[in-house]
Amino acid sequence: MKLSARAGQRIAKTLIWAAAVAVLAVLLFVILYVLIKGLPIVNWGFLTEIPRNMGRDGGIASTIVGTLLITLVAIVIATPFGLGTAFYLAEYTREGRITRIIRFSAESLAGIPSIVYGLFGFIFFVDILHLRWSILSGGLTLAVMILPTIIRTSEESIRAVPDIYREVCFSLSATKWQTIIKVVFPSALRGIANGVILSVGRCVAETAAVVLTAGAPLRMPSSLSSPTRTMAVHFYLLVREGISMDNAFGTAALIVILIFIINVGANALINRAMSKNRTR
Amino acid sequence: MMRKFREKLPGRIFFLLALSSISVLALITVFIVVQGAPIIARVGVIDFVFGMSWAPSQGEYGIFPMIVGSLSVTLGAVVLGVPIGICCSIFLAEFAPVRLRNLFRPAIQLLAGIPSVVYGLWGLIFIVPFIRNYMGGPGLSILAGSVVLAIMILPTVISISEVSILALPPAYKEGALALGMTHWQAIRSVQLPAAKSGIVAAVILGIGRAIGETMAVIMLLGNAVALPSSILDPIRTLTTNIGIEMGYATGEHREALFATGIVLFVVIMILNSTAQTIVKRKKDQ
């Protein structure tokens, strides 16, 4: 039996709508479940006390600090390298073998599993550079992990700036550097910021690479060279060792909220910057 | 003179930054290989890759059951996740009302941002008991891992497929509609074939994501090193093998885990370069 075109359209449309609704429903289910189980656990003490008794009691203050510091180290280190590489690729060199090699490795390495980055960080930063299990080792490992993403998104957005912008600049006898800093960079900022924000989210959520490089102590880190436990690792260990489901949910709820703030807040920030640019 | 120097300087600095980025990325490859290659050489490539027994305490290092594990879980995730993902991308590109689309896109971003361990716990609470009670087996199984991985690869599949559908020239769709096709006929016989390369790349990258996932599947797969006889059996993957044992491994055992990493690395590199080639060929056309 051959379906009439109209019936086919109706069936296909129904299936596609169903798939979309199902995905939204699963997403809402995952998030709401975590928030409903987790938020009642979160109170002032949970945010400000360090974990006691393996994480059964107390709060998660040290893991919040650890997460933020590791993410900060990763972003501060990866952004200049990523941006510099992107500008080099997009503005300072002709297409050739070097650009192809850089681009190929950035794109290939973007897909390498985080556990492999963890292995690398473990052997290189922890072992060979003697940084031990520390915020620095963890942050550097994550920096390497997010570098390909930052290079790729930045390069794409720099390339997306129309050539006419540059040509107008040059015709006004601006130098290359002036053109880049005054025209190209502001126009590409939205895309660049997007890539960086994406990376912040990945750092906060990462578990496998961090557990191999930053250790998992419960105490408050005292410097960048002290080991630390991030929220995601704390959550994982609480669940895996069956220590405390309640505190695990509390931690998960905070991570989800943090990710939400990063996504939403970042978008708002970018949009504001964009509209400012436009009126200028 | 000064001015000339100032003009040259940024280019030099950018070049140095690019050079260091690329060397770090090269270092990863070198270090994983240097750490893992000796044991592969000692055991023999064939015995390592196709060996059935993983018993580090007795010096037996065969990872074939884990390769089967990674492949089966990934296949399950693709079978469950890809059709739904492609439907969603069609929905976003073609059918979604603007308001719903504006809700959906950030939601997908959020879905991508949630830590994998949270999905792992969710699967442990809902999927694993469901499988144990209604389908048999221990619950911790290939199926449980596949279901959760299917959800986790959705953002990759959806966003990349959607972009490739949206990137088509509007004339394709307009032409199809002008010939009297219904919207669905236009999608099925014109737009999807035209966007095929992008969708294939999306699926390959999704596969890469599924193979590389570690922490969520540690919680869901049961981690037994044995060949599975059904999708309800527990299994261990290449990534979970590293994740579970790295904490206490020393000496030869640790080298064997790095060697597992090499295999993983090679598999992902092959997948990614395939995806890149497909996308590039499309671009060159």
Side-chain angles (χ1 to χ4, degrees), chain A residues 5-6 8-9 12-13 15-17 19-20 22-24 26-27 30 33-34 80-82 84-85 87-89 92 101-102 105-109 111-116 119-120 123-124 144 147-148 151 175-177 201 205 207-208 212 232 235-236 239-240 248 252 255-256 259-260 263-264, chain B residues 6-7 10-11 13-15 17-18 20-22 24-28 31-32 35 84 87-88 90-91 95-96 104 106-107 109-111 113-119 121-122 151 154 182-185 205 208 211-215 219 239 242-243 246 258 261 264-265 268-269 271-273 276:
Chain A
R6 201 159 285 277
Q9 155 110 342
K13 217 170 159 176
L15 282 178
I16 288 170
W17 266 90
V23 168
L24 262 185
V26 166
L27 173 80
V30 172
Y33 183 73
V34 168
F81 282 97
T85 309
F87 270 112
Y88 178 73
L89 284 176
Y92 276 91
I101 292 175
I102 299 182
S105 31
E107 278 180 26
S108 317
L109 287 164
I112 295 290
S114 57
I115 187 105
V116 173
L119 282 178
F120 167 72
I123 212 69
F124 188 64
V144 177
L147 188 57
I151 295 178
T175 63
K176 180 153 196 165
W177 175 240
T207 316
L212 290 181
F235 168 82
Y236 171 73
V239 173
R240 180 103 181 114
I255 301 177
V256 169
I259 298 280
F260 187 76
N263 277 350
V264 173
Chain B
R6 240 191 6 228
E7 265 315 294
I13 293 177
F14 288 148
F15 176 69
L17 289 173
S20 7
S21 301
I22 197 69
V24 169
L25 298 179
L27 267 187
I28 297 178
F31 270 101
I32 304 284
Q35 291 290 320
I84 296 180
C87 282
C88 278
I90 298 173
F91 177 77
F95 289 126
F104 211 110
Q109 259 188 18
L110 196 61
L111 192 65
I114 294 177
S116 55
V117 280
V118 172
Y119 289 110
L121 176 62
W122 185 78
I151 298 173
L154 280 176
T182 62
H183 192 175
W184 168 244
Q185 280 175 321
L205 292 176
I211 289 188
E213 180 45 45
T214 312
M215 297 325 238
M219 299 160 96
T239 52
I242 303 172
M246 197 60 203
F258 273 90
L264 198 59
F265 194 90
I268 297 282
M269 280 306 230
L271 283 175
N272 281 4
S273 24
Q276 276 183 52

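Each chain gets a letter, A, B and so on, in the order the sequences are listed, and its residues count up from 1.
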Top contributor to chain A interface from Ala107(B), Ala26(B), Gly261(B), Gly208(B) [non-hydrogen pairs under 4.5 Å] = Ala107(B)
Tightest non-hydrogen contact, residues Ala19(A) and Cys88(B), listed as O-SG, 3.9 Å
Between Ile268(B) and chain A, which part of the residue has a heavy atom less than 4.5 Å away: side chain, backbone, both or neither?
-> side chain
So which part of Leu27(B) gets closer than 4.5 Å to some heavy atom of chain A, the side chain, the backbone, both or neither?
-> both
Okay, Ile22(B) and chain A: the region with an atom under 4.5 Å from a heavy atom over there is side chain
Separation of Phe95(B) CZ from Trp17(A) CH2 (nearest 0.5 Å) = 10.0 Å
Among Leu205(B), Ile32(B), Leu121(B), Thr239(B), which has the most heavy-atom pairs under 4.5 Å with chain A?
-> Leu121(B)
Structural part of Ile102(A) lying under 4.5 Å from a heavy atom of chain B = both
From Leu25(B) atom CG to Phe81(A) atom CZ, the distance as rounded to the nearest 0.5 Å | 11.5 Å
For chain B, find which of Val264(A), Val256(A), Val34(A), Thr85(A) contributes the most heavy-atom pairs closer than 4.5 angstrom.
-> Thr85(A)
Gln9(A) side-chain N/O to His183(B) backbone N/O, donor-acceptor pair under 3.5 Å | yes
Given that the side chain runs from C-beta out, which part of Leu154(B) has a heavy atom under 4.5 Å from chain A: side chain, backbone, both or neither?
-> side chain
Is chain B contacted by the side chain of Phe260(A), its backbone, both, or neither, given a heavy-atom distance below 4.5 Å?
-> both
If every non-hydrogen atom of Phe265(B) is compared with every non-hydrogen atom of Val116(A), which pair is closest and at what distance?
-> CD1-CG1, 3.9 Å
Can you tell which part of Ile16(A) gets under 4.5 Å to a heavy atom of chain B, answering side chain, backbone, both or neither?
-> both
Given a strict heavy-atom distance threshold of 4.5 Å, which part of Pro148(A) is in contact with chain B: side chain, backbone, both, or neither?
-> side chain
Quick one: what part of Ile151(B) sits under 4.5 Å from any heavy atom of chain A, side chain, backbone, both or neither?
-> side chain
Rounded distance [0.5 Å steps], CE in Met246(B) versus CG in Leu212(A) = 6.0 Å
Tell me, do Tyr88(A) and Leu17(B) make a side-chain contact under 4.5 Å, heavy atoms counted?
-> no
Atom pair OG (Ser21(B)) and CG (Leu109(A)), whose distance is rounded to the nearest 0.5 Å | 11.5 Å
Proximity breakdown for Met215(B) and chain A, heavy-atom pairs closer than 4.5 Å | both
Tell me, do Val117(B) and Val239(A) make a side-chain contact under 4.5 Å, heavy atoms counted?
-> no
Working to the nearest 0.5 Å, report the span between CD1 of Ile112(A) and CE of Met269(B).
-> 5.0 Å
Name the region of Val23(A), side chain, backbone, both or neither, that has any atom closer than 4.5 Å to a heavy atom of chain B.
-> side chain
Find out whether Tyr236(A) and Pro115(B) are in side-chain contact, i.e. whether some heavy atom of one side chain is under 4.5 Å from a heavy atom of the other.
-> no
Side chain, backbone, both or neither: which part of Leu111(B) has a non-hydrogen atom closer than 4.5 Å to chain A?
-> both
Under 4.5 Å from a heavy atom of chain B, the part of Leu89(A) involved = neither
How are the rings of Trp177(A) and Phe14(B) set to each other: parallel, tilted or perpendicular (split at 30° and 60°)?
-> tilted
If you look at every heavy atom in Trp184(B) and Gly8(A), which pair is closest and at what distance?
-> CD1-O, 3.8 Å
Which answer fits Thr182(B), side chain, backbone, both or neither, if we ask what part of it has an atom under 4.5 Å from a heavy atom of chain A?
-> both
Nearest heavy-atom neighbours spanning Ala20(A) and Phe91(B) | CB-CD2, 3.4 Å
Among Ala208(A), Ala252(A), Ala248(A), Gly201(A), who wins on heavy-atom pairs under 4.5 Å with chain B?
-> Ala208(A)
To the nearest 0.5 Å, atom CD1 of Ile255(A) lies from atom CD1 of Ile114(B) at 10.5 Å
Could you pull out all residues at least two apart from Phe124(A) that satisfy ring pair (Phe, Tyr, Trp, His ring centres under 6.0 Å)?
-> Phe120(A), Phe31(B)
Top of Leu119(A), Ile259(A), Thr207(A) for chain B proximity - count of heavy-atom pairs under 4.5 angstrom | Leu119(A)
So, the part of Gln109(B) with a heavy atom under 4.5 Å from chain A: the answer is both
For each of Ile13(B), Leu264(B), Ile211(B), tally heavy-atom pairs with chain A at distances under 4.5 Å, and name the one with the top tally.
-> Leu264(B)
